[in-house]
Amino acid sequence: MPHFIMDCSADVLNNHDEQHIIKQIHLVASQTGLFDEGDIKVRVNAYNTYLVGNKQESFIHIFAHIMQGRTIEQKADLSRQMVTMLTSLFPDTPNIAMNVSDFEKATYCNRAMI
């Protein structure tokens, strides 16, 4: 936790190496100061079959799952910073977005907690 999951059309991976993209997402998340760097998890899901507005158009969407407790302003700033970075890496990708979902602390469990 936190988890940053990038769903994208497979064609966007032609522009940059997947490891480079993951490192850039990690860097932006880390630079916000909202998370411990060692806790940030990033992964990419690339799709060959998809529709965007009923057509096959390149896309990137980041789903961020973070522990509750950050303000709306902090989460909005995180989204803006991430979309800004992705827009600079992928200037020809017309659909780039991000959303942030909160984990509830009361229902979260990981291996170390057992």
Side-chain angles (χ1 to χ4, degrees):
M1 190 284 319
H3 297 267
F4 292 87
I5 304 159
M6 181 176 130
D7 281 2
C8 64
S9 52
D11 64 311
V12 303
L13 299 180
N14 296 332
N15 297 326
H16 294 283
D17 175 74
E18 199 168 338
Q19 283 297 322
H20 177 71
I21 297 165
I22 288 172
K23 288 179 182 179
Q24 293 305 304
I25 293 169
H26 186 277
L27 180 64
V28 170
S30 179
Q31 287 179 339
T32 65
L34 297 175
F35 316 108
D36 291 333
E37 186 175 8
D39 292 338
I40 299 168
K41 296 165 183 73
V42 182
R43 51 197 178 272
V44 172
N45 296 313
Y47 296 91
N48 290 308
T49 307
Y50 59 90
L51 287 176
V52 178
N54 205 28
K55 55 189 167 189
Q56 196 156 354
E57 191 170 75
S58 298
F59 76 94
I60 297 170
H61 191 100
I62 303 283
F63 295 90
H65 302 279
I66 68 173
M67 187 63 70
Q68 68 183 50
R70 278 64 173 210
T71 67
I72 290 173
E73 293 80 13
Q74 288 172 316
K75 292 184 279 189
D77 186 54
L78 170 63
S79 290
R80 274 190 299 276
Q81 287 185 49
M82 197 68 71
V83 170
T84 298
M85 177 274 295
L86 291 167
T87 299
S88 69
L89 278 180
F90 301 97
D92 297 327
T93 301
N95 302 288
I96 299 175
M98 177 174 165
N99 70 286
V100 179
S101 300
D102 290 337
F103 282 99
E104 291 181 353
K105 193 171 199 138
T107 61
Y108 177 77
C109 183
N110 68 24
R111 182 181 180 139
M113 298 167 74
I114 298 176

Report task. Give the intermediate values and the outcome of side chain to side chain contact (heavy atoms under 4.5 Å, CB included) for residues Y108 and M113. Result -> CA-CA 9 Å; Y108 177 77; M113 298 167 74; 4.0 Å; yes

Query raised in the report: With respect to D102, which candidate in K75, H65, R70 satisfies the side-chain hydrogen bond (donor to acceptor under 3.5 Å, both in side chains) definition?
Result: K75

Query raised in the report: Got a second to check how far Q31's CD is from M85's CE, nearest 0.5 Å?
Result: 10.0 Å

Report summary line: Taken to the nearest 0.5 Å, the spacing of C8 SG from N95 CG works out to 12.5 Å

Report task. Taking E37 for its side chain and H26 for its backbone only, find out whether a donor-acceptor pair lies under 3.5 Å. Result -> no

**Report entry** All ring-ring contact (aromatic ring centres under 6.0 Å, His included) counterparts of Y47, not counting sequence neighbours
**Finding:** none

Query raised in the report: For H61 and N99, does a side-chain donor sit closer than 3.5 Å to a side-chain acceptor?
Result: yes

**Report entry** Donor-acceptor under 3.5 Å (D39 side chain, P2 main chain)
**Finding:** no

Query raised in the report: Are I66 and L34 connected, step by step, through hydrophobic side chains (Ile, Leu, Val, Met, Phe, Trp, Tyr) whose heavy atoms are closer than 4.5 Å?
Result: yes

Report task. Find the distance between CD1 (I25) and CD1 (I62) and round it off to the nearest 0.5 Å. Result -> 3.5 Å

Query - Residues, nucleotides or ligands: over 12 heavy atoms within 6.0 Å of I72 CD1 - result: no

Query - Side-chain touch V100/S79, heavy atoms, less than 4.5 angstrom - result: yes

Query - Partner residues of H20 under the ring-ring contact (aromatic ring centres under 6.0 Å, His included) criterion, sequence neighbours left out - result: H16

Report task. Report yes if the side chains of M1 and N110 come closer than 4.5 Å at any heavy-atom pair, otherwise no. Result -> no

Query raised in the report: Hey, is the main chain of Q19 close enough, under 3.5 Å, to the side chain of D17 for a donor-acceptor pair?
Result: yes

Query raised in the report: Do other residues, nucleotides or ligands put more than 12 heavy atoms under 6.0 Å from K41 NZ?
Result: yes

Query raised in the report: Do L89 and N15 have side-chain heavy atoms sitting under 4.5 Å apart?
Result: no

Query raised in the report: Below 4.5 Å, heavy atoms only, C-beta onward: do L13 and I21 meet side chain to side chain?
Result: yes

Query raised in the report: Between F90 and V12, what is the shortest heavy-atom contact and its length?
Result: CE2-O, 3.3 Å

Query raised in the report: Are M98 and L78 close enough that some pair of their side-chain heavy atoms sits under 4.5 Å apart?
Result: yes

Requested in this report: Check whether any side-chain heavy atom of I22 lies under 4.5 Å from a side-chain heavy atom of F4, and answer yes or no.
Outcome: no

Requested in this report: Identify which one of V44, T87, T93 satisfies the side-chain contact (heavy atoms from CB on, under 4.5 Å) criterion when paired with I60.
Outcome: T93

